[in-house]
S.K.: 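Here it is, the structure, as structure tokens.
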Amino acid sequence: MKKLVLIDGNSIAYRAFFALPLLSNDKGQFTNAVYGFTTMLLKVLEDEKPSHLLVAFDAGKSTFRHQTYAAYKGTRQKTPSELSGQIPLIHQVLDAFSIKRYEAKEYEADDIIGTQAKAAAKEGYQVVVITGDKDLLQLVDDQIEVVLTRKGITEVDRYNEAKIDERYGLKPAQIIDLKGLMGDTSDNIPGVPGVGEKTALKLLSEFHDVETVLDSIDQVSGKKLKERLEEHKEQAILSKKLATIVTDAPLEHSLSSLLYNGYEDANVIELFKELSFNSLLNRFSSDDHVDAVEMKELDYRIVTEPTADYFASPSAVVVEVLDEHYHHADIVGISIANKNGVIFIPTEKAIQSEVFRTFMKSDEQEKWLFDAKQAVVALAWQGIELNGVSFDLQMASYLLDPSLSSHEISDIASRKGSGGVQEDEQVYGKGAKKALPEQGKVAEHLSRKANVMFELKQILEKELKENEQLELLTELEMPLSIVLGKMEKEGIKVDRTQLKDMGEDLSERLSALEEKIHEEAGESFNINSPKQLGVILFEKLGLPPVKKTKTGYSTSADVLEKLSGSHTIIESILLYRQLGKLYSTYIEGLLKVADKETGKVHTRFNQALTQTGRLSSTDPNLQNIPIRLEEGRKIRKAFVPSKENSVIVSADYSQIELRVLAHISGDEGMKEAFLKDMDIHTKTAMDVFHVTEAEVTDSMRRSAKAVNFGIVYGISDYGLSQNLNITRKEAKEFIDRYLASYPKVKAYMETVVEEAKEKGYVQTLLARRRYLPELTSRNFNMRSFAERTAMNTPIQGTAADIIKRAMVDMSAELEKTTLTATMLLQVHDELIFEVDEKDKDELMKLVTQVMEQALPLDVPLKVDVSSGASWYDAK
DNA sequence: CTTCCCACGC
DNA sequence: GACGTACGTGGGAAGT
């Protein structure tokens, strides 16, 4: 299908200019309209996938309309110079995208579009017009659609004939009659005074068009209206003529010349850099479109018998693991780049090579990697030790800006202008189609990666230094990744038999419950389907729907809890959900990933993902094993020591975030709580409600706890109101009282937002950064969210820094001692170990000491530690 | 294969 | 006053 997209250049530029704040690049050029136009353009290319494309511009000067009607566009304000200066830049963007643009002296963009649209439709094309100008709706027919910007530039409405009928009750051709009657102030088209949209639509529904209206004035109801129509007859005809888009303007190009063949990435990247469109560069480079970056020749050698002269210090080393589940995964191959050149070694040859193994093991031979943890773990499973990692490109990229969606080598490369590396997805494919290409292609791809890493290391290291983040990388995250790698490889043992037993019990109870629920509902249905459940509850049983989701009734737990008591089915459903979750996610889920022989699960900690600096855990996620409800907590009984005579030890920080807040803000009241080791929620209740410790009621403590919780996670007054089931106003008052009780916390909250606005980012005690461009957003929500994030991230992020440092320290301590103890897991503020019983007491003492001393604050850090035969018992 | 809803942890 | 509201991972349903 041939598809022509016509873009109204001036109209979109104009919209973009007013929709976005007045941005400028480092050369002082204003770029907001260019930016908005470009985002729209990218969206159109992606959504519409045009085979033919044209952007039309107004030539400016005098068109036939001015000659017809001198006052045409007479009231329009002169285009602001900040915008007109951007038009040539928009032209440059189009040139970079190899998109044809056009302007004609005597005609407006509308007329070019009208002419082109009708001509193309005649040839059988599907046509889409992109504009902000409603006038163009008149072009719509069964082959032509008009996409109108609604608010800003991203929100659009798509008009076909049906949609126009729905909106106006008119045929597309009647749009000009509408304009003829009501006029258009922005173009200074007069229309008939006193006739607005309502009256015009009424007249048109009765008489169809301007001419018929004017011929039938005597039939029009309303004396005043009759007079006006009579008086402004000619003006109405003229107005209609002005609003009519020309569809037979002379065009100097053929339709086939609008054929769109895509663009050269390099051209676009170059221009985006010039314009400082960094965010687009990111998005752009992660897109998998059209032509690949042109590649320079790279000299590399496939080596099957590595000799010492191929290795040097430092070397960039690529250890390619195709499966993201890198435990037990095959290594595709290895590439090494250094001063002696670039080589590729097939995996089996590398594993057999003594000289390679020695090189990898050596502490002295410096190696730069991308995701060192993955390499360490994958190699360890192959019996190869990796030491001497002195730079990790992925970690570096993450620390420089955790918000970037990709820290892939190819993306970092194109971001930094190095190019020359294909996306992994382009080389290997994705999903079911993922496969290994011939060795030559793999060798080249890996070699290019290694080669570019050599260059990128210098660039990112320099940026880290400028940010004073190099130490964070080399002294914290990189040592930590080695520690995490060991923990992942070690794994934690789950008792499969116990899980199966629990599973059988659950499964029986679930069947019984299912039967009961179907009985209570009076029919059988899928309880796991929110859609079906909603119909049963709110239609069949007639319960009041409390909340709606985008797609129907909400059946979430908090909704059901509000309904509990109104029908016995509710409680059954809540229990069914609870048990169902346990069964599918935790019993089945864990059994699926537990090694059949060893019973161990080997999670992967993602160290380069969260915006706050925390870790995350996948396959399985061991950071969300149930604890709150006893039923679920029992799952933890299945997590047991892997060795004989050993126990599980759990050590968790008590209130680490609030301690960090007390330290950062320096608030005396809050510090006092921790210096005196008081219960923080009780202390908060005392301070907020101005009562003595003895007077604090359960409800007061619960509210205080919810506010403390809110502070730690950066929730809004709305979030707090939901938590406490109170009104938003009450929640806000509560927060205000809290801040009044802790004045330095209030001051901190204010200054941190101010500073973040100035600098563009917030940071933790150990210089972890998070950029918050939304702080200057005009959208209240986005701005508020950014403000809460600014307050919260230094707190949560510093807590993450602290436990990370404790892990690195603890690992070093364990290596120094003869304790038979292994670190197994981290759950944000908790560390889990396995230890021989004889060393239990010593380990508990050591871990407490290390964790409490990890980072000295103005208040003490407190660690609760306990042990038991399973994770459940270590409480 | 993707999106939505829901639920678990900190 | 509207806006739609901590960070993650994963399972099942349902729509493409």
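To find a chain, count down the sequence lines: A is the first, B the second, and so on, and within it residues start at 1.
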S.K.: My understanding is that only residues two or more places apart in sequence, or in another chain, count here; which of them pass salt bridge (Lys or Arg N to Asp or Glu O under 4.0 Å) with A/Asp501?
M.R.: none
S.K.: Mind jotting down which residue pairs meet the ring pair (Phe, Tyr, Trp, His ring centres under 6.0 Å) criterion with at least one end in residues 767-805 of chain A? Sequence neighbours excluded, please.
M.R.: A/Tyr761-A/Tyr771
S.K.: What contact category does A/Thr789 fall into here, base, sugar-phosphate, or nothing, at under 4.0 angstrom with non-hydrogen atoms?
M.R.: nothing
S.K.: Applying side chain to side chain contact (heavy atoms under 4.5 Å, CB included), can you list everything that pairs with A/Lys548, at least two apart in sequence or on another chain?
M.R.: A/Tyr553
S.K.: Quick one: label A/Glu657 by what it contacts on the DNA or RNA (base, sugar-phosphate, nothing), any heavy atom closer than 4.0 Å.
M.R.: nothing
S.K.: Taking the six-membered ring for Trp and the full ring for Phe, Tyr or His, determine whether the centres of A/Phe734 and A/Tyr738 are under 6.0 Å apart.
M.R.: no
S.K.: Is the number of heavy atoms from other residues, nucleotides or ligands under 6.0 Å of A/Lys746 NZ greater than 12?
M.R.: no
S.K.: Describe the nucleic acid contact of A/Thr610 in one word from base, sugar-phosphate, nothing, applying a heavy-atom distance below 4.0 Å.
M.R.: sugar-phosphate
S.K.: Using 30° and 60° as the class limits, which term best fits the ring planes of A/His518 and A/Phe525: parallel, tilted or perpendicular?
M.R.: tilted
S.K.: List the residues meeting ring pair (Phe, Tyr, Trp, His ring centres under 6.0 Å) with A/His328, not counting sequence neighbours, and say none if there are none.
M.R.: A/Trp381
S.K.: Please list residues of residues 619-635 of chain A whose heavy atoms come under 4.0 Å from any atom in DNA chain B, ordered by number; otherwise none.
M.R.: A/Gln623, A/Asn624, A/Ile625, A/Pro626, A/Ile627, A/Arg628
S.K.: Can you pull the side chain to side chain donor-acceptor pair (under 3.5 Å) pairs that have at least one residue in residues 523-538 of chain A, sequence neighbours excluded?
M.R.: A/Glu523-A/Lys540
S.K.: When you compare C/dG4 with B/dC5, how far apart are their P atoms, in angstrom units rounded to a whole number?
M.R.: 14 Å
S.K.: Rounded to whole Å, please give me the gap between CD in A/Gln796 and P in C/dA6.
M.R.: 12 Å
S.K.: Say we look at C/dA6 and B/dG9: how far apart would their C1' atoms be, to the nearest angstrom?
M.R.: 13 Å
S.K.: Whole Å only: how far is the CD atom of A/Gln722 from the C1' atom of C/dA6?
M.R.: 14 Å
S.K.: To the nearest angstrom, how far is A/Arg728 atom CZ from C/dG1 atom P?
M.R.: 11 Å
S.K.: Listed by chain and number, what are the side chain to side chain contact (heavy atoms under 4.5 Å, CB included) partners of A/Ser564, not counting sequence neighbours?
M.R.: A/Ile570
S.K.: A/Leu591 has an atom CG; how far is it from atom C1' of C/dG11, in whole Å?
M.R.: 15 Å
S.K.: Can you tell me how far apart OH (A/Tyr583) and CG (A/Leu510) are? Round to the nearest 0.5 Å.
M.R.: 8.0 Å
S.K.: With sequence neighbours excluded, tell me which residues meet side chain to side chain contact (heavy atoms under 4.5 Å, CB included) with A/Val128.
M.R.: A/Lys3, A/Val5, A/Glu48, A/Ile130, A/Glu145, A/Val147, A/Arg158
S.K.: Rounding to an integer number of Å, can you tell me how far A/His828 NE2 sits from C/dC7 C1'?
M.R.: 8 Å
S.K.: Separation of A/Asp829 atom CG from C/dA6 atom C1', in whole Å?
M.R.: 15 Å
S.K.: Please determine if a side-chain N or O atom of A/Thr585 lies less than 4.0 Å away from the OP1 or OP2 oxygen of C/dG10.
M.R.: no
S.K.: Give me the first and last nucleotide of DNA chain B, going 5' to 3', that has any atom under 4.0 Å from a heavy atom of chain A.
M.R.: B/dC1 to B/dC10
S.K.: Report the distance from atom CG of A/Leu582 to atom P of C/dG11, rounded to the nearest whole Å.
M.R.: 14 Å
S.K.: So, using side chain to side chain contact (heavy atoms under 4.5 Å, CB included) as the criterion, who are the partners of A/Asn723 when residues are at least two apart?
M.R.: A/Phe709, A/Ile715
S.K.: If I take atom CG in residue A/Leu609 and atom P in nucleotide C/dA6, what distance separates them, rounded to the nearest angstrom?
M.R.: 18 Å
S.K.: Donor-acceptor pair, distance only, cut-off 3.5 Å: does the side chain of A/Thr751 make one with the backbone of A/Tyr748?
M.R.: yes
S.K.: Considering every strand and a 4.0 Å limit on heavy-atom distances, what is the contact class for A/Ser784: base, sugar-phosphate, or nothing?
M.R.: nothing
S.K.: Classify the ring geometry of A/Tyr398 against A/His407: parallel below 30°, tilted from 30° to 60°, perpendicular beyond 60°.
M.R.: perpendicular
S.K.: I'd like a table of atom pairs between the protein and nucleotides 12-16 of chain C - only N or O on both sides, under 3.5 Å - with the distance next to each one.
M.R.:
unit_1 : atom_1 : unit_2   : atom_2 : d
C/dA13 : OP1    : A/Asn526 : ND2    : 2.9
C/dA13 : O3'    : A/Ser529 : OG     : 3.4
C/dA14 : OP1    : A/Ser529 : OG     : 2.8
C/dA14 : OP1    : A/Gln532 : NE2    : 3.2
C/dG15 : OP1    : A/Lys531 : NZ     : 2.8

S.K.: Write out the stems for DNA chain C, ordered by first number and formatted as range with range, counting runs of at least 3 consecutive Watson-Crick or G-U wobble pairs under 3.5 Å.
M.R.: B:1-9 with C:7-15
S.K.: Base, sugar-phosphate alone, or nothing: which one does A/Arg604 contact when heavy atoms must sit under 4.0 Å apart?
M.R.: nothing
S.K.: Can you figure out which of C/dC3, C/dG8, C/dA6 approaches the side chain of A/Asn781 most closely?
M.R.: C/dC3
S.K.: Over all strands shown, is A/Phe780 touching base, sugar-phosphate only, or nothing at heavy-atom distances under 4.0 angstrom?
M.R.: base
S.K.: Are the side chain of A/Gln607 and the backbone N or O of A/Leu615 linked by a donor-acceptor pair below 3.5 Å?
M.R.: no
